[in-house]
Protein chains: 2
Amino acid sequence: MLAQNIVSADKFRVSKTQSACPPTCPARSGSTIELLGIPKGFPRNAEIYGDREPADYLYKVMSGTVRTYKVRVDGRRQIGGFYIPGDVFGVEVGDEHAFSAEAISDCRVLMINRSVVMARAARDVAVARELWSLIGHELKRVQDHILLLIKSAEERVASFLLEMPVSKENTIELPMSRQDIGEYLGLTIETVCRTFAHLQATATIEVHSRQIVLRNRANLRRLNA
Amino acid sequence: MLAQNIVSADKFRVSKTQSACPPTCPARSGSTIELLGIPKGFPRNAEIYGDREPADYLYKVMSGTVRTYKVRVDGRRQIGGFYIPGDVFGVEVGDEHAFSAEAISDCRVLMINRSVVMARAARDVAVARELWSLIGHELKRVQDHILLLIKSAEERVASFLLEMPVSKENTIELPMSRQDIGEYLGLTIETVCRTFAHLQATATIEVHSRQIVLRNRANLRRLNA
DNA sequence: CGACCATTTGATATGGATCAAGCGATGTGG
DNA sequence: CCACATCGCTTGATCCATATCAAATGGTCG
């Protein structure tokens with residue numbers, strides 16, 4: 001019974017589709033886990049948790065954007081992912097967080113006590129399924145990130161833009177700095193800028209500081225290949 | 001109950017330590033899952049499963065080495081990981097394999113029916129824990145791979161060597177070609193060769209085709225940083 | 001207005017890719 | 001047993017994408 005439910009957990013995948021989760025994120029249908037959470041606000045640039053701290057909570061973004069990252073010994077930073085409203089982050093299998101997490105903008109997150117979820121998962125098949133789905137979603141994210149990192153600069157930027165939520169009018173409102181984008185894509189800030197400029201020169205996008213208008217999505221998709 | 005068991009699943013991590021798992025891999029203590037498997041042999045370069053095929057089985061390597069990979073539209077190949085005796089591969093959350101898998105050398109693997117495992121997991125807490133641990137191990141592998149891909153060529157090669165099992169006498173027997181190593185590290189075959197040559201020139205390793213002797217592991221660790 | 005920070009643009013440097021050729025081991029057919 | 005083809009590996013020469021260094025611009029907030 002549990003078996004079949006876990007196998008098909010994919011149906012409960014956490015969606016990254018912005019449309020399904022407006023700025024102020026309501027409870028989603030089918031999500032029991034978030035009923036266990038308590039809301040907390042974090043100001044811009046606040047640390048939510050640090051690398052190697054005990055993973056006592058999972059977090060669901062209600063508003064704002066969160067980045068996870070790891071600082072290398074030489075001081076360089078690698079961003080593991082961006083999390084927007086509806087996304088869950090901080091899911092770990094071990095007892096410690098593998099990355100640190102920070103608020104990119106002021107944000108509200110639901111803090112969900114891990115041991116409570118785990119206890120619940122033991123009794124409630126739906127919760128066990130949700131958990132399995134969350135970790136699977138995270139695994140897929142990370143696998144895709146690997147494929148991203150072996151591409152050319154232009155391809156990386158195109159892929160990045162395609163994974164950002166598009167609001168009205170083909171416009172992307174980027175919550176993060178060029179620096180953040182660079183650290184996510186494994187590129188320098190200058191290369192990110194120049195690539196934006198080049199995509200603009202080829203009429204693929206229009207750049208208005210942190211607002212990007214997609215003018216030729218087919219071209220982005222071609223680069224994404 | 002299940003909760004606490006899942007939380008501490010890390011203790012059941014699949015070890016990559018060769019010493020714990022000699023060429024002919026015996027059943028490991030604490031592993032119930034593999035009791036459910038049936039052995040199968042694959043000749044060198046045989047496909048074990050393909051990208052996007054239904055993930056009906058998990059696999060445990062008993063002897064030989066396996067690579068998982070993905071072919072990009074432009075024909076280039078990215079290797080997701082190498083799996084040696086004792087490692088489990090093909091663990092997916094969705095219903096399809098995300099990567100393809102091939103035997104690098106002749107090998108024997110245990111094929112473990114997924115629905116059998118899942119059914120078992122519903123009843124047997126130990127099996128549920130093992131599953132959770134396996135997916136967590138895979139997630140960690142992939143996260144580390146990301147950190148690898150943002151390093152310099154020399155750092156990547158150093159990291160690669162440090163994750164390979166060392167047999168007697170500080171010697172690594174590489175089962176895979178330079179091409180494979182390159183595709184794993186996101187480097188060309190020439191760069192892999194030259195980096196080996198350079199590490200040899202700096203007395204860090206000795207290269208005897210596919211046999212690498214570690215001469216200065218501290219230096220490798222420094223590069224690994 | 002002035003300070004500060006993020007972004008953009010320009011000039012130059014460089015690590016790794018690409019192109020090309022040689023080398024050693026392995027295997028095959030004569 | 002040798003001649004030759006093949007394949008994996010190595011090494012050399014050159015090129016190019018991206019990093020690095022530097023400076024100008026623009027936007028925001030006190």
Side-chain angles (χ1 to χ4, degrees), chain A residues 43-45 65 67 72 74-79 104-106 148-161 172-202 205-213 223, chain B residues 43-45 65 67 72 74-79 102 104-106 148-161 172-202 205-212 223:
Chain A
R44 193 165 115 82
N45 290 327
T65 305
R67 65 178 164 242
R72 293 182 47 198
D74 63 6
R76 296 176 72 149
R77 227 172 45 148
Q78 174 63 31
I79 288 186
I104 284 184
S105 52
D106 292 349
L148 214 185
L149 289 175
I150 60 171
K151 298 180 182 180
S152 73
E154 194 169 34
E155 291 168 330
R156 292 185 214 190
V157 170
S159 305
F160 166 74
L161 288 174
I172 296 173
E173 302 284 347
L174 296 174
M176 73 290 284
S177 69
R178 299 288 193 267
Q179 184 70 43
D180 285 335
I181 298 172
E183 286 169 359
Y184 176 68
L185 299 179
L187 299 171
T188 59
I189 180 176
E190 294 96 327
T191 299
V192 172
C193 274
R194 277 189 252 268
T195 307
F196 275 159
H198 181 247
L199 287 173
Q200 182 162 50
T202 56
I205 63 175
E206 257 172 55
V207 184
H208 301 108
S209 87
R210 293 199 181 180
Q211 187 173 296
I212 310 287
V213 183
L223 288 168
Chain B
R44 193 164 114 84
N45 290 328
T65 306
R67 65 178 163 243
R72 293 182 46 198
D74 63 6
R76 297 175 71 148
R77 227 173 43 148
Q78 174 63 31
I79 288 186
E102 277 178 3
I104 284 184
S105 53
D106 292 349
L148 214 185
L149 290 175
I150 60 170
K151 298 180 182 180
S152 72
E154 194 169 35
E155 291 169 331
R156 292 185 214 190
V157 170
S159 305
F160 166 74
L161 289 174
I172 296 173
E173 301 285 347
L174 296 175
M176 71 292 284
S177 70
R178 299 287 193 267
Q179 184 70 42
D180 285 335
I181 298 172
E183 286 169 1
Y184 176 67
L185 298 179
L187 299 172
T188 59
I189 180 176
E190 294 96 328
T191 299
V192 173
C193 274
R194 276 188 253 268
T195 307
F196 275 160
H198 182 247
L199 287 173
Q200 182 161 50
T202 56
I205 64 176
E206 258 173 52
V207 184
H208 302 108
S209 90
R210 292 198 181 180
Q211 187 173 295
I212 310 287
L223 289 168

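Throughout, protein chains are lettered first and strands after them, A, B, ... in sequence-line order, and every chain is numbered starting at 1. Only this structure's heavy atoms are used, side chains among them; waters, hydrogens and symmetry mates stay out.
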Under 3.5 Å donor-acceptor pairs involving side-chain atoms of residues 192-201 of chain B, not counting sequence neighbours:
from: B/T195; atom 1: OG1; to: B/T191; atom 2: O; distance (Å): 2.6
from: B/H198; atom 1: ND1; to: B/E154; atom 2: OE2; distance (Å): 2.8

Seminar exercise, completed: Here the distance between atom P of D/dA17 and atom CD1 of A/I150, to the nearest Å, is 18 Å

Exercise. Rounded to the nearest 0.5 Å, what separation is found between the CD1 atom of B/I79 and the CD1 atom of A/I150?
Worked result: 11.0 Å

Problem set entry | Rounded distance in Å - CD (B/Q200) to P (D/dC9) | 15 Å

Exercise. Could you write nucleotides 7-13 of chain C as a row of B, S and -, 5' to 3', where a protein heavy atom under 4.0 Å of any base atom gives B, of only sugar-phosphate atoms gives S, and otherwise -?
Worked result: SBBBB--

Exercise. Starting at CG of B/L185 and ending at C1' of C/dA17, how long is that distance when rounded to a whole Å?
Worked result: 15 Å

Problem set entry | For atom CG of B/L199 and atom P of D/dT10, their distance in whole Å | 12 Å

Seminar exercise, completed: note: B/E155, atom CD; D/dA19, atom P; distance rounded to Å ~ 14 Å

For this session: Kindly write out the residues that satisfy salt bridge (charged side-chain N to carboxylate O under 4.0 Å, His left out) with A/R156, not counting sequence neighbours, or none if the list is empty.
Result: none

Exercise. Which residues pass the salt bridge (charged side-chain N to carboxylate O under 4.0 Å, His left out) test with B/E173, sequence neighbours left out?
Worked result: none

Exercise. Checking all strands, does A/G186 fall into the base, sugar-phosphate, or nothing category for heavy-atom contacts under 4.0 angstrom?
Worked result: sugar-phosphate

Exercise. A/E190: what forms a salt bridge (charged side-chain N to carboxylate O under 4.0 Å, His left out) with it, not counting sequence neighbours?
Worked result: none

Problem set entry | Nearest-angstrom distance from the residue atom CD of A/E154 to C1' of D/dC16 | 15 Å

Problem set entry | Rounded interatomic separation in angstrom, taking CD from A/E183 and C1' from D/dA19 | 15 Å

Seminar exercise, completed: Separation of D/dA19 atom P from B/K151 atom NZ, nearest Å, is 18 Å

Exercise. Considering residues at least two apart in sequence or located in another chain, which fulfil the salt bridge (charged side-chain N to carboxylate O under 4.0 Å, His left out) criterion with B/R72?
Worked result: A/E155, B/D74

